[in-house]
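Here the structure comes first, spelled out in structure tokens, and everything after it is commentary.
All of these numbers come straight from a predicted model, not from anything done at the bench. Atoms within a ligand are numbered from 1 in the order they appear, just like the ligands themselves. The analysis underlying the following values was restricted to heavy atoms, covering all of them including side chains, and did not include hydrogens, waters or symmetry mates.
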Amino acid sequence: MKKHAIYPGSFDPLSNGHINLVERALQIFESVTISVAINTKKPSVFGLEERVSMIEKVFEKNDRVRVESFEGLLVEYVQRKKNVIVIRGIRTNYDFEYELALAQANRHLSSTFETIFMMTDPQYSFLSSSMIREIIGLGGSTNGMLPAFIEKALKERLKS
Ligand code: PNS
């Protein structure tokens, strides 16, 4: 029985869509570990430790949520854990195609690897971290898209 969810991603930055997914996953799993990926090929606005500490702050009152980081293959990180299943959010068909390939590649790498897809709440189906970065970078409003303290930090970071 796989009781614990691993939610991997870049989280650059964490959005209200991510938070909604974690809250819903907590209705299904005993715990959720948010696993921030170190991606050397994808430059991030916030460093790894910044992303981890921001996410920790958001979930500081919830002892069923843990925040970790991992480097290298997701399958290897997951293999080091017991009774876990990976969750990923799906917003659109485009996400599905990408996520299907990712899940199947991971399954090819590890025959015990399982992914559960959770559909994003409709109110967040347009939302992505890259869109948030672009809107803030161009001076638009991201009200309601991410926690206020992360929005403030991102505005500071993207100030030219
Ligand atoms: O939030 P993202 O950027 O869509 O998350 C993608 C992530 C981090 C889940 C994915 O890139 C990943 O698993 N990276 C770790 C390296 C790996 O295992 N890649 C997949 C091999 S097919």
Q) Taking atom types as modelled and ignoring hydrogens, do the side chains of T142 and E151 form a donor-acceptor contact shorter than 3.5 angstrom? A) yes
Q. Without hydrogens or angle criteria, can the side chains of S35 and Y77 be said to hold a donor-acceptor pair below 3.5 Å?
A. yes
(Q) With side chain to side chain contact (heavy atoms under 4.5 Å, CB included) as the test, pick out the partner of I150 among K57, M54, M145. (A) M54
Q) Could R24 and D121 be called an ion pair, given the rule that one side-chain N must be under 4.0 Å from one carboxylate O? A) yes
Q. Does R51 pair with E56 as a salt bridge, N-O distance under 4.0 Å?
A. no
Q: Could you tell me whether the side chain of D12 and the main chain of V45 form a donor-acceptor pair under 3.5 Å?
A: yes
Does ligand 1 have any N/O atom under 3.5 Å from a protein N/O, and what are those pairs and their distances?
unit_1   : atom_1 : unit_2 : atom_2 : d
ligand 1 : 1 (O)  : S10    : N      : 2.9
ligand 1 : 3 (O)  : S10    : OG     : 2.5
ligand 1 : 3 (O)  : K42    : NZ     : 2.8
ligand 1 : 4 (O)  : R88    : NH2    : 2.9
ligand 1 : 5 (O)  : R88    : NH1    : 3.3
ligand 1 : 18 (O) : L74    : N      : 2.8

